[in-house]
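Shown next, in structure tokens, is the structure this report addresses.
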Amino acid sequence: MLIDQQDKSRIDAEIRMMDGVAVLTIRNPPVNAGSHAVRKGLADGLAAAVRNGASGAVIVGDGRCFMAGSDLKEFGKKLEWPELPDVIRLVEDAPFPVVAAMHGVALGGGLELALGCDYRLAAPGTMVGLPEVSLGFVPGAGGTQRLPRLTGLVHGIDLICAARRIPADQAATIGLVDRVVEGDLLAGALAFLAGAARPKRLTMALTPPADDPVAIDAAADKALHRGKGRPNVAEAIRLIRRAAEGDGADALADERAVFQRLRVGEDATALRHLFFSERRAAAVDGLDMGLARAVGSVGVIGGGTMGQGIVRCFLAAGLPVTLVERDRDALARAMSGVRGSLDAALEKGRLTPDEAARRKAAVTGATGYDALSGCDLAIEAVFEDMQVKRDVLGRLERVLAPDAILATNTSYLDIDAMAEGLAHRGRVVGLHFFSPADVMPLLEVVRTDMTDNATLATALKLARKLGKQPVVARVAEGFIGNRIYAAYRRRAELLVLDGANPEQVDRAATAFGFAMGPFAVADMSGLDIAWAMRKRQAPTRDPRARYVTIPDTLCEIGRLGRKTGGGWYDYPQGKPVPSEQVAAVIAKARQAAGVVPVGIDDDAIQRQLLAAIVNEAALLLEQGVAQRPSDVDVTLCNGYGFPRWRGGPLWWAAHQDRAAIRDDQARLADAIGYGFVAGPVDRMLDSIVSEHKG
Ligand code: NAI
């Protein structure tokens, strides 16, 4: 019997009777999001099970998973009856035991539903978790009350506040899952019910396993620190602590009220924008993803910082890799770098011995290109030099199959120019990883004018396999991210020239929410990369444009950043402290430029840093370098430490007072002076606002 027959998309829950047990199947492809129709279907299914005199019920998910979470599209509006807590109440009130049989993923509302059941079974590898805190709110259907009643408060705080997902076997060891079921899940669940008397067992009636109060406080402190003071983290902790206090019904009502308030708040609205933007960024309108080719083995050319990270990333995705270096010594260094990092991961318990061994066996080194002949894709990560890269692509073309993909990890270079002279230019694409390549989520997929659709589709599919967040860009100096970042860094440097200290600029940036300030970032990644770029640009730089010589001077005196013991800061004990030497360089640069330093407050610094980002984004959107404004938000949040809870720079700007944004742009124009190009900021922000309303 299908509930909600009139719903043509069959978004529903289905009920079947099997040996007196009601089997309720959640069906809302592709990920069984808990929409209103699903909740209604479950409520009707439970009522039917009661009517039919069922002896028990099993809830399963159809297709790929149990339930990936509630339907976020409903979260900006008023929720309709039955809400998830209503469904869970029906589960609890049912006169028979209800088993959640989970596979794939059970996240958010999906896990809360399972927590409301009497028993939880899971197929091996099922991932469970409550991601609500990462979306700006708190679990709202009992997650903060039921999860700690099973696991204790320490695990509860850790899992909920870090929005951590854990696999079923781990969930079983902390009491979150009763049993991991090998083989057929539904049969296993029916056998579980049939094999022993399974009384009702309401999670709300349990007392949390006792935890040491000191450990609870420590978990709370850690979560608050990691949560950067966002209000929902503190609320989640307060609610989880209530799970140990016994007043269950009151605590559930408290949780629901907090959830209802926060889910429509600024953080949650911004994070939802980012959630949908991230999904959109992985697609090119009109592109047939069916064209994507399988990638079964890959080649990486250049085993330096990036090459090694890229190798680790492919290995983690289960792809065999051939690494090519220019000579035996360089190859030995690169291979021992890769193996050493696998050993370190093993030592830290991040890899099992089997997995570490598998990954080591899956990487082969070579100094000749013939070893790459069977690869479906090769990516170069050699020196950032046009001629070297052209030469590498030429050699690759000679050994790889004509439809194998040739990718470049260049940060700034013109990929169209790089591909000139190749016979099959359609298969050239930029895959711009961020450092460390196996950790940073962002992957810019750069299409040249010649990149064909099959190559683009393959690159996007590969990104998903690697667990990366792709953003599609067109060729431009620095593509989306580095181009915007260069404008931001330039503004930061001008702020210093005009009167701010590097530490003040960094403080203002981190107070806004950036993971690090621009000068701390420069020290970490090394000042020499941007220096090389400036030297390349020097011949075409207009002498009338303002130019900050400070970073060049720092490079000239050997202050290349952390790797040389100092850059914008000194690092006496590994921690950045302001440098007198740098202060002297700054003073001299001001003098040479005829600048009389003027104080500027932190708020003005923040607004100017943002103005530079917003202006550059408007320019590159106008030029078609990025497909849509939301792609800029995704880029900055996933690759540049922009605070996610602000939704990205353009979302932030679209929700500021427009006159203030215009004023910021005017000040930016003044500060940059000659050569400033004003981007169509107003138009861009209007489009964001109208799309959001629509
Ligand atoms: P790196 O200097 O650490 O590594 C380059 C490696 O390529 C060296 O091991 C070198 O021996 C090898 N190599 C040079 N010519 C070769 C050839 N003809 N055949 C085989 N191997 C060759 O440089 P890094 O930082 O890894 O950068 C590599 C590329 O990645 C550059 O294009 C860079 O712009 C880009 N990139 C760098 C990022 C970073 O944060 N370092 C971030 C994103 C991209």
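Atoms within each ligand, like the ligands themselves, are counted from 1 in listed order.
- A distance of 13.5 Å separates CZ of Arg395 from CG of Leu400, quoted to the nearest 0.5 Å.
- Looking at heavy atoms from C-beta onward, Arg280 lies out of side-chain contact with Ser277 at the 4.5 angstrom threshold.
- Distance CG/Asp376 to CG/Asp403: 8.0 Å, rounded to 0.5 Å.
- The shortest contact between atom 3 (O) of ligand 1 and any protein heavy atom is with Thr305 N, 3.1 Å.
- Counting heavy atoms under 4.0 Å from ligand 1, residue Phe434 does not touch it at all.
- Centroid-to-centroid, the aromatic rings of Phe275 and His273 stay 6.0 Å apart or farther.
- With ring centers used as reference points, Phe642 lies under 6.0 Å from Phe514.
- From the protein, the heavy atom lying nearest to atom 43 (C) of ligand 1 is Phe433 O, 3.1 Å.
- Contact atoms of ligand 1 toward Tyr369: 19 (N) (distance under 4.0 Å to a heavy atom of the residue).
- Protein heavy atom nearest atom 40 (O) of ligand 1, with residue, atom name and distance: Ser435 CB, 3.4 Å.
- Per-residue contacts place His432 under 4.0 angstrom from the following atoms of ligand 1 (heavy atoms of the residue considered): 43 (C), 44 (C).
- The number of heavy atoms from other shown groups lying within 6.0 Å of NZ (Lys563) is above 12.
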List the steps and the verdict of side chain to side chain donor-acceptor pair (under 3.5 Å) for Glu278 and Asn638. CA-CA 9 Å; Glu278 286 173 348; Asn638 285 285; 3.1 Å; yes

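- Relative to the ring axis of Tyr674, Arg546 does not place its NZ or CZ within 45° and under 6.0 Å from the centre.
- The protein heavy atom nearest to atom 30 (O) of ligand 1 is Asn409 ND2, 2.9 Å.
- If you check each of Glu325, Met440, Gln308 against atom 21 (N) of ligand 1, the one with the closest non-hydrogen atom is Glu325.
- In the vicinity of Gly302, heavy-atom distances shorter than 4.0 Å reach the ligand 1 atoms 7 (O), 12 (C), 21 (N).
- Heavy atoms of Lys389 approach ligand 1 to within less than 4.0 angstrom.
- Of the protein's heavy atoms, Met306 CG, 3.9 Å lies nearest to atom 27 (O) of ligand 1.
- Here the shortest heavy-atom distance to atom 31 (C) of ligand 1, taken over Thr410, Ile529, Val382, Leu413, belongs to Val382.
- A salt bridge does not link Glu616 with Arg490: every distance from a Lys NZ or Arg NE/NH1/NH2 to an Asp or Glu carboxylate oxygen is 4.0 Å or more.
- Nearest protein heavy-atom neighbour of atom 4 (O) of ligand 1: Gly304 CA, 3.3 Å.
- Comparing Val392, Ile301, Leu431 by heavy-atom distance to atom 18 (N) of ligand 1, the nearest is Val392.
- Taking the six-membered ring where the residue is Trp, the centroids of Tyr488 and Tyr640 are separated by 6.0 Å or more.
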Run the salt bridge (Lys or Arg N to Asp or Glu O under 4.0 Å) test on Arg628 and Asp285 for me, step by step, so that the C-alpha distance in whole Å, both residues' side-chain angles and the decisive distance to 0.1 Å come before the verdict. CA-CA 11 Å; Arg628 36 184 108 84; Asp285 297 335; 3.5 Å; yes

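- Of all atoms in ligand 1, listed by their number and element, those nearer than 4.0 Å to a heavy atom of Ala381 are 5 (C), 6 (C), 7 (O), 28 (C), 29 (C).
- The shortest N/O to N/O separation between Ser411 and ligand 1 falls below 3.5 Å.
- At a 4.0 Å cut-off, not a single heavy atom of Ser525 sits close enough to ligand 1 to count as contact.
- Within the 4.0 Å cut-off (strictly below), no protein heavy atom is located near atom 23 (O) of ligand 1.
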